[in-house]
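The structure appears right after this line, and notes come after that.
Since we're looking at a predicted model, the values are computed, not measured.
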Amino acid sequence: MRESDTPEGDNKTLLLVEDDVITAIAEQKALNKYGYQVVTAVSGEKAVEMIDSNPDISLILMDIDLGAGIDGTETAARILRRHEIPIVFLSSHSEREIVETTERITSYGYVVKNSSITVLDASIKMAYKLFESSVKEREKEAALRKNEEMMRNSEALAHICSYSTDLVETDIDKSAWVCSPNLYQVFGIDESYPHTIAGWAAFLHPDFREKVYAYHERVVRERTSFDLEYKIVRINDGAERWVHGTGKLEFDEEGTPIRMHGAIQDITERKEVEEALKRTKRLLSESQQVGKVGGWEVNIDTGEQNWTDETYRIHEVDLDFDLSLEKSVGFYTEESRPVIEDAVNRAIEHGEPFDLELEIITAKGKHRHVHAIGKSDLENRRVFGFFQDITYRKTVEEEIKRQLSEKETLLTEVHHRIKNNIASIEALLWIQADEMSNPEAVNSLKLAISRVQGVRVLYEKLLVDQQYEDVSIKSYFDELLKSLLSVHPEHTSLTIEKNIDDISLKSGKAVLVGIILNELVTNILKHAFRGETGKHIQIDFNHEADHSVLSVRDDGIGITEESLSKNQSGFGLTIVRMLAEQLSGQLKIGKDRGTRFTVVFKNLNAAPASK
């Protein structure tokens with residue numbers, strides 16, 4: 001489009017298309033006097049060429065009769081197909097049929113030749129004004145079309161459509177409506193669908209039809225605005241969709257509603273997100289109630305707090321409770337208050353998290369134990385965390401401690417009584433041994449006494465250490481050997497060397513290993529030595545990752561080859577073999593400057609002894 005808003009008659013360039021050179025010169029000079037710059041073309045073809053090459057030309061004075069070439073109307077048509085420029089026809093013809101040929105072409109005036117220069121100047125000025133007005137109107141139309149296109153695109157993206165309903169107050173079913181194209185897509189209809197209220201009702205969801213009807217009638221009756229969310233069923237595919245309808249009434253001069261204008265938006269995705277959010281929020285709330293877990297946050301700069309619903313419930317306050325920092329800290333007991341204050345301050349100043357078990361007094365005076373975890377978010381200037389009512393857990397823990405204490409007391413009493421009963425049996429055996437004169441019978445009773453002592457020593461260890469499951473083998477062996485030697489005071493010159501790993505065994509396994517040691521040492525004392533000097537026993541108990549080894553060696557006369565070859569053994573060694581097998585072990589007997597008894601155990605599940 002060519003520039004047409006330069007100062008009136010000043011430097012405006014006109015193209016005069018005239019095949020008569022003399023006439024062209026005369027008109028050119030006249031127009032020059034009125035401030036116009038005039039260029040001329042003697043043919044239509046030349047005019048088209050000059051318009052293409054000279055962008056300064058802002059108006060054309062076009063003769064109709066141009067000689068042998070194309071005439072003025074054809075020249076104007078060709079130019080207007082490629083350029084927007086005002087054209088004023090300047091012709092000697094005034095016949096109606098000639099003038100009508102120019103009406104088919106967009107022109108801005110028709111001036112008869114030989115009119116005064118004043119008339120021509122006025123016609124030129126009017127042409128400029130009409131052209132400028134036309135340009136502005138086209139610009140407005142283009143902007144309007146662009147806005148309409150943007151609106152259609154925006155409506156499509158936002159799933160919004162507009163409508164306008166003509167209201168027939170006496171019969172609402174006869175009211176008709178018009179709409180934007182996007183409504184057809186939202187409701188799954190096309191332009192042939194009945195544009196009536198009855199047609200509208202057809203795609204309303206059955207659960208909402210009466211509600212929407214009643215609401216629409218109330219809006220019309222009470223002269224209010226329409227604003228409602230409801231469900232529809234699309235006509236083309238039967239899909240259920242949520243829409244949000246809004247509308248505003250238009251009234252006639254008498255105040256009667258005659259039309260409703262509004263918009264409808266497909267909000268299905270939003271409703272689905274809202275419903276999912278509600279489900280998540282409900283699940284979170286229910287989970288918090290079940291677990292008695294709440295959340296909280298504090299703004300570091302303002303002290304403003306936010307609590308979840310469960311945190312309010314734990315404190316037994318309403319949801320509109322004034323959450324000042326002073327009041328929230330005031331719920332803690334005197335012992336817990338400085339602890340939580342210090343923890344929060346350290347979180348703010350140093351970014352240190354905290355994990356505390358504290359006590360509070362609720363708004364209703366109830367004493368509660370709480371578990372508070374906090375973490376700082378210094379970038380967003382807040383401290384936030386987790387808050388759980390652990391009163392029930394603490395009560396259960398205290399009850400468990402009480403019951404455990406009672407059971408430990410009872411177990412101690414039971415062990416004490418068992419130990420006393422074992423001691424009584426041991427005493428009875430001693431009394432019986434003192435009254436016997438037969439050496440073999442005395443030895444048998446002493447052997448029985450040593451076996452009983454092994455069990456008694458274990459129970460004494462359990463009572464003293466108050467560890468009823470685990471027993472230190474090193475300590476147990478020491479006490480067991482002392483008790484065993486007290487039964488055989490005749491071996492005064494006996495020395496026993498020990499190399500025992502300090503490990504713990506479960507009491508059930510420890511008593512079996514103790515019986516094995518008791519039987520092996522008793523067997524040595526009974527058979528290995530002749531005389532009263534030079535008696536020596538070496539005891540080793542070593543533990544590896546997957547096995548343990550008990551070795552008992554003497555420097556006595558040694559076992560005979562016949563006994564080794566025939567695997568002969570008395571009752572004591574038979575007990576040893578049986579107990580070893582019970583503990584997934586095996587007894588081996590060999591000669592080593594005397595006799596060596598070796599028991600290899602597997603899977604004793606030993607552990608380092610507690611100090």
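- Checking side-chain atoms of Thr308 against main-chain N and O of Gly295 turns up a donor-acceptor pair under 3.5 Å.
- Side-chain atoms of Arg368 come within 3.5 Å of backbone atoms of Ile314 as a donor-acceptor pair (strictly under, hydrogens ignored).
- A salt bridge is absent between Arg221 and Glu217; no separation between the charged side-chain nitrogens and carboxylate oxygens falls under 4.0 Å.
- Ring planes of Trp307 and Phe321: parallel class, angle under 30° (limits at 30 and 60°).
- A donor-acceptor distance shorter than 3.5 angstrom exists from the side chain of Ser53 to the backbone of Glu49, with no hydrogens or angles considered.
- Residues His367 and Glu359 bring a donor and an acceptor atom of their side chains to less than 3.5 Å of each other.
- Checking side-chain atoms of Asn380 against main-chain N and O of Arg382 turns up no donor-acceptor pair under 3.5 Å.
- His195 and Trp177 have parallel rings, their planes meeting at less than 30° on a 0 to 90° scale where 60° marks the start of perpendicular.
- A side-chain donor-acceptor contact under 3.5 Å links Gln305 to the backbone of Ser324.
- Using a 4.5 Å heavy-atom threshold, the side chains of Met260 and Val219 count as touching.
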Side chain to side chain contact (heavy atoms under 4.5 Å, CB included), that's the test. Do Glu27 and Lys113 meet it? Break it down for me.
CA-CA 10 Å; Glu27 290 176 346; Lys113 287 184 179 181; 4.2 Å; yes
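- The line from CG of Leu319 to CG of Asp309 is 5.0 Å long, rounded to the nearest 0.5 Å.
- Here the side chain of Asn32 pairs a donor or acceptor atom with the backbone of Tyr36 at under 3.5 angstrom.
- Rounded to the nearest 0.5 Å, atoms CD1 (Ile232) and CZ (Phe187) are 4.5 Å apart.
- The closest side-chain donor-acceptor pair between Thr268 and Arg241 falls under 3.5 angstrom.
- The CD atom of Glu297 lies 11.0 Å from the OG1 atom of Thr311; values are rounded to the nearest 0.5 Å.
- The main-chain N or O of Thr391 is found under 3.5 Å from a side-chain atom of Thr395 such that the two form a donor-acceptor pair.
- Between Phe331 and His315, the ring planes are perpendicular. Angles over 60° get that label, and only those under 30° would be called parallel.
- The side-chain tip of Lys211 does not point at the ring of Tyr230 from less than 6.0 angstrom away and within 45° of straight on.
- Here CD1 of Ile258 is found 9.5 Å from CD of Glu253. Values are rounded to the nearest 0.5 Å.
- In this structure, the side chain of Arg234 engages the main chain of Gln185 through a donor-acceptor pair within 3.5 Å.
- Remark: of the listed residues Phe386, Tyr392, Phe387, Phe386 is the sole one forming a ring pair (Phe, Tyr, Trp, His ring centres under 6.0 Å) with His371.
- Between atom CZ of residue Arg82 and atom CD1 of residue Ile51 there is a gap of 10.5 Å, rounded to the nearest 0.5 Å.
- Between Arg223 and Gly255, the closest heavy-atom pair is NE-O, 3.7 Å.
- Atom CG of residue Leu31 and atom CD1 of residue Ile124 lie 5.0 Å apart, to the nearest 0.5 angstrom.
- Glu316 contributes no side-chain N or O that, together with a main-chain N or O of Thr362, makes up a donor-acceptor pair within less than 3.5 Å.
- The main-chain N or O of Leu120 is never found under 3.5 Å from a side-chain atom of Ser115 such that the two would form a donor-acceptor pair.
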